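Step one of this worksheet: look at the structure below.
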Amino acid sequence: MTLRLPAGLLAFALLAGCASVPVPTATVPADDNLNAVAWSQTAIEHDLIYLQTYRDAQSQLLTALNDPQWDALASSDRVAPLAQLPPAVVLDIDETVLDNSPYAARLVRSGKEYDEASWQAWCREESARALPGAVAFTKFAASHGIAVIYISNRSRELDQVTLANLRKVGLPVSGPDAFLGLGTVVAGCTQVGSDKSCRRQQVSRHYRVLMQLGDQLGDFADFPTDRAARPQAMARYLPWIGTRWFVLPNATYGAWESALFHDQWSAPRQQRRRQKIEALRY
Ligand SMILES: [Mg+2]
């Protein structure tokens with residue numbers, strides 16, 4: 001097969017001596033998320049951090065299992081006593097066990113921003129891959145009689161496609177109750193926004209939680225979103241990092257980003273961009 005290439009590209013291909021031929025693509029507008037998405041998809045360091053974190057958690061899991069006082073819920077979420085409760089691990093889903101970077105890549109390519117319709121369309125494809133180490137860790141937990149519970153801010157209308165995606169990649173799903181999505185109704189507890197406290201409290205009534213894993217501080221307990229307040233609120237839990245709570249990296253989105261423009265997503269993109277630049281240290 002012969003390809004007709006513009007003279008410039010042909011010269012580049014010859015000079016580079018490369019076997020593959022560069023394919024001209026439509027101009028993709030500059031996007032502040034390009035590096036973060038490229039890193040998460042292509043840097044082996046990204047995969048190694050996930051593997052390292054899950055291996056670290058797994059290496060301590062049986063110690064936690066064998067200590068009847070071991071619990072990874074903050075006291076505000078521990079609403080039922082530990083005694084005799086069966087063990088569980090609690091995991092977030094997106095960017096914790098499932099890799100949604102293709103969705104982020106599509107946003108970069110199209111120049112668009114997150115919206116619920118396109119997000120749900122991506123979720124309904126059920127094609128997210130498992131992140132490195134997640135399947136081995138959760139299977140290890142399940143094989144030792146430890147329930148695997150997913151608390152996610154995916155809406156409950158996505159529960160079937162989410163469970164299907166989890167199963168496709170080999171993540172253990174014991175049943176529908178293993179997934180506590182955004183609209184989960186918890187008796188006697190009013191969910192505020194996407195806060196996961198009510199769902200953690202529900203888990204606390206049925207399980208002793210050995211570990212929590214997530215890519216957002218809100219996956220672990222109810223923390224302030226204000227950037228300046230977070231370190232102090234987190235300080236008392238620092239001994240739990242790497243023992244009861246395992247934090248995974250997400251440079252592409254999260255509360256860390258919206259905190260830079262005070263959660264004003266309705267503000268023009270350029271204004272939010274300016275606030276992010278102003279938040280940097282120089
Ligand atoms: Mg997440």
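Here the structure is a predicted model, which means the values were calculated and not measured. Sequence positions, counted from 1, serve as the residue numbers for this chain. Order of listing sets the numbers, starting from 1, for every ligand and every atom in it.
- With respect to the Mg ion (ligand 1), Asp215 has OD1 as its nearest N, O or S atom.
- The N, O or S atom of Asp94 with the smallest distance to the Mg ion (ligand 1) is O.
- With respect to the salt-bridge test (charged N to carboxylate O, under 4.0 angstrom), the residues Arg272 and Glu257 do not qualify.
- With respect to the Mg ion (ligand 1), Asp92 has OD2 as its nearest N, O or S atom.
- Ion pairing between Arg106 and Glu125 holds under the 4.0 Å rule for side-chain N and carboxylate O.
- Under 4.0 Å is where a charged nitrogen must lie from a carboxylate oxygen, and between Asp77 and Lys196 no such pair does.
- Screening Val169, Leu163, Thr162 for a side chain to side chain contact (heavy atoms under 4.5 Å, CB included) with Asn165, the sole residue that qualifies is Val169.
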